[in-house]
Amino acid sequence: MQLTGSEILLECLMEQGVDTIFGYPGGAVLNIYDALAKYPNNIRHILPSHEQGAAHAADGYARATGKVGVCLATSGPGATNLVTGIATAYMDSVPLVAITGNVPLSLLGKDSFQEVDIAGITMPITKHNFIVKDVKDLAEIVRKAFYIAQEGRPGPVLIDIPKDITAQKTEFQSAKPYQITRKTGTITDQAITRAIQLLKESRRPLIYAGGGVIQSGASAELCQFAERLNAPVSLSLMGLGGFPGTHPLFCGLIGMHGSKTSNLAATRCDLLIALGARFSDRVVSNVEKFAPEAKILHIDIDPAEINKNVQSYHYIIGDLKSTLKKLNEKLAQLELPETSEWQKQIEDWKLRFPLQYKDDSNLKPHYIIERIYALTEGEAVITTEVGQHQIWAAQYYKFDHPRTFISSGGLGTMGYGLGASIGAQIGRPDKRVFNIAGDGSFRMNCNELATAVEYQLPIIVVIMNNRALGMVRQWQDLFYDQRFSQSSIDRATDFVKLAEAYGAVGFNLTSKADVDTVLQQALAAKGPVVINCEIDQNDKVFPIVPPGAAIEDLMTE
Amino acid sequence: MSRHVISVLVDNQSGVLSRVAGLFSRRGYNIDSLSVGETENSQFSRMTIVVRGDDSTLEQIKKQLNKLIDVIKVVSLTSESSVYRELVLVKVAADDKTRAAINDIVDIFRAKIIDIAPKSLTIEITGDEPKIQAFIDLMKPYGIIEMARTGLTALQRGDLSITNNNNN
Ligand SMILES: Cc1ncc(C[n+]2csc(CCOP(=O)(O)OP(=O)(O)O)c2C)c(N)n1
């Protein structure tokens, strides 16, 4: 069958089971959009306000569903607008395929109108990228791109297609997608036996789990593993939802904004079992003082993560779910050591150092999150922007299910959340989606409200409005002698009117007594809702580990 | 910080050199030299990279290289088990008085004079690092006008090749 490059692209997307793409048209992708108009029933196209929104939406869609997110942009500025979104996905290992148009082959390298070397630009923020130089290669490149995005440790892949390629015709034959198999070849019996030995010897084990649990779909196995060992579980920000937040073994976040229990446990444990986590500086803080008494058992799919930031005592490379299954099988037949003293210690810390805030009569962000949790019965998908509100959401919503906490962990991208919530809501129409935002972050990309309204997505945006770049202000308050340099943003913006101007519903929330009523009204509304919550500028995120300190030395107020 | 020679088999794709070079610069790995060319199979290129770093840096470099999709195989080539060669072109100031003496040194080093001009000689020398260094040191007093080096290239000794070598 002779097809144009544009048709081949769409056929290949359908081969991969893509039902939704997030894109924005322009000169270099006119042919693709023309073909899309002829395939309207097969692929749903979501048109955002800005290409950055498209990238974040594709990312949110991927995180919420576990499928590959796809975004599409024109050359030049369209392509560069994707960059922050691609980098965000890269840092958090999100499977994404970004497709960009480019100027025709003959104009490449000539500083042509809207030409940019997007492959060069995205080299350090993609797993791989392709420039299609021959229409005959296109189908195979798209298939490879989807394979690479999902295989092993997932990540974004970019395909740059010159305009003439999208018009040229060639023979097309459909094919099955490359199979993504779990990486198990490196999980040797020897490695398992040694890990079991460590588990048998440990009297004070701590599980530190990250986003790999979610990527690998290993939540059930993790639960079984933790319960069998009776080991406390701490999660990185990326791991939230990978282990139930309501589970008695759950200790909360670990690291910079970790619970005191997690951070003390990491410091006192004799075995730290790191599962699909990468010892980011946001977790480890001062490397010398991190887990000083522990042997580290590191299990991860990416060999390059082993011994990168901390030295492990033993490691297993491979798919986490498969590894945990093997460990669980072995553990089932074993006599395990007595760890009741350690369990008592953990319980004692939990009782003495619970997460807490001053629950006075003022409107507190923590309280709002707790009420969202209660009213949604823990079943919502929560996306966030970046800042204090992000950490409050992470701490006070108890995430019981994987893929329900969607946040930019590695890159820390303000402006991520709204786009991500759109993607998440489209991917999970059965779920209530909240985007927890700060006023600063929301203002960055609030243009996507127009998109949420257009597609009538019932997203609820909760702006924790402290009239400040709160997290920056908090650092200046605590560590810069209260010199509040450029962190006050007491602007004239009326977020309710802004919401209404976009065609959304807006609420002001100023008192604690109104929280439930407003949330219930928001939940009952049809389209998107913005709730502007007036909170105090001086509300802070605690605990916090001061820069350079050991994680046990955290400030709790 | 010790010196390591790594040999990298890559897909002969455009962009692969910048992927590898970009990886080194953005992760702060120090490259002494990098040489690249097609292999016996024109589908593949082989890069020989000389890096400085401790053993854990070397381990990271190899793992990060292995993550690049275009990279097929990475091996360390240790000095005991490999042959290293570099080709250097040196233009040395020479006149009637010094030409013969330079020629003697060239002979001893089994180098080659490949161009003669009234005031200079251009010499081609190949060898491993110590030999090249010794030769350059001996040429310095005559005045080196300019010099170009290819960077080190290397192969494993014996019957092993990069594709059946498991020392990665
Ligand atoms: C794109 C981007 N620019 C700057 C920063 C640095 N930064 C981190 S948190 C923060 C303040 C966020 O303010 P806001 O969205 O109002 O949230 P709050 O901390 O007040 O909850 C800033 C500026 C960032 N993370 N991302």
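A quick note: this is a predicted structure, and the numbers were derived from the prediction, not measured.
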Could you tell me if A:Arg194 sits above the aromatic ring of A:Tyr315, with its cationic atom closer than 6.0 Å to the ring centre and no more than 45 degrees from the axis? no

Part of A:Lys133 within contact of chain B (heavy atom distance under 4.5 Å): side chain

Hey, could you give me the CD/CG distance between B:Gln133 and B:Asp128, rounded to the nearest 0.5 Å? 11.5 Å

Between A:Asn129 and chain B, with a heavy-atom cut-off of 4.5 Å, which part of the residue counts as in contact: side chain, backbone, both or neither? both

What part of B:Arg19 is in contact with chain A, defined as an atom under 4.5 angstrom from a non-hydrogen atom: side chain, backbone, both or neither? both

Residue part contacting chain A, namely of B:Ser14, when any heavy atom lies under 4.5 Å: side chain

CA sep, side-chain torsions, deciding dist, call: A:Thr413, A:Thr88, side-chain hydrogen bond (donor to acceptor under 3.5 Å, both in side chains): CA-CA 7 Å; A:Thr413 309; A:Thr88 304; 2.7 Å; yes

Region of A:Ile306 that comes under 4.5 Å of a non-hydrogen atom in chain B: both

Whatever's closer than 4.5 Å to a heavy atom in chain A on B:Ser18 counts as both

Can A:Glu15 and A:Lys176 be counted as an ion pair, charged N to O under 4.0 angstrom? no

Less than 4.5 Å apart, side chain to side chain, heavy atoms only: is that true for A:Thr100 and A:Ser75? no

With only heavy atoms counted, which part of B:Glu59 is less than 4.5 Å from chain A, the side chain, the backbone, both or neither? side chain

Atom pair CD1/CZ of B:Ile105 and B:Phe135 - distance to nearest 0.5 Å: 7.0 Å

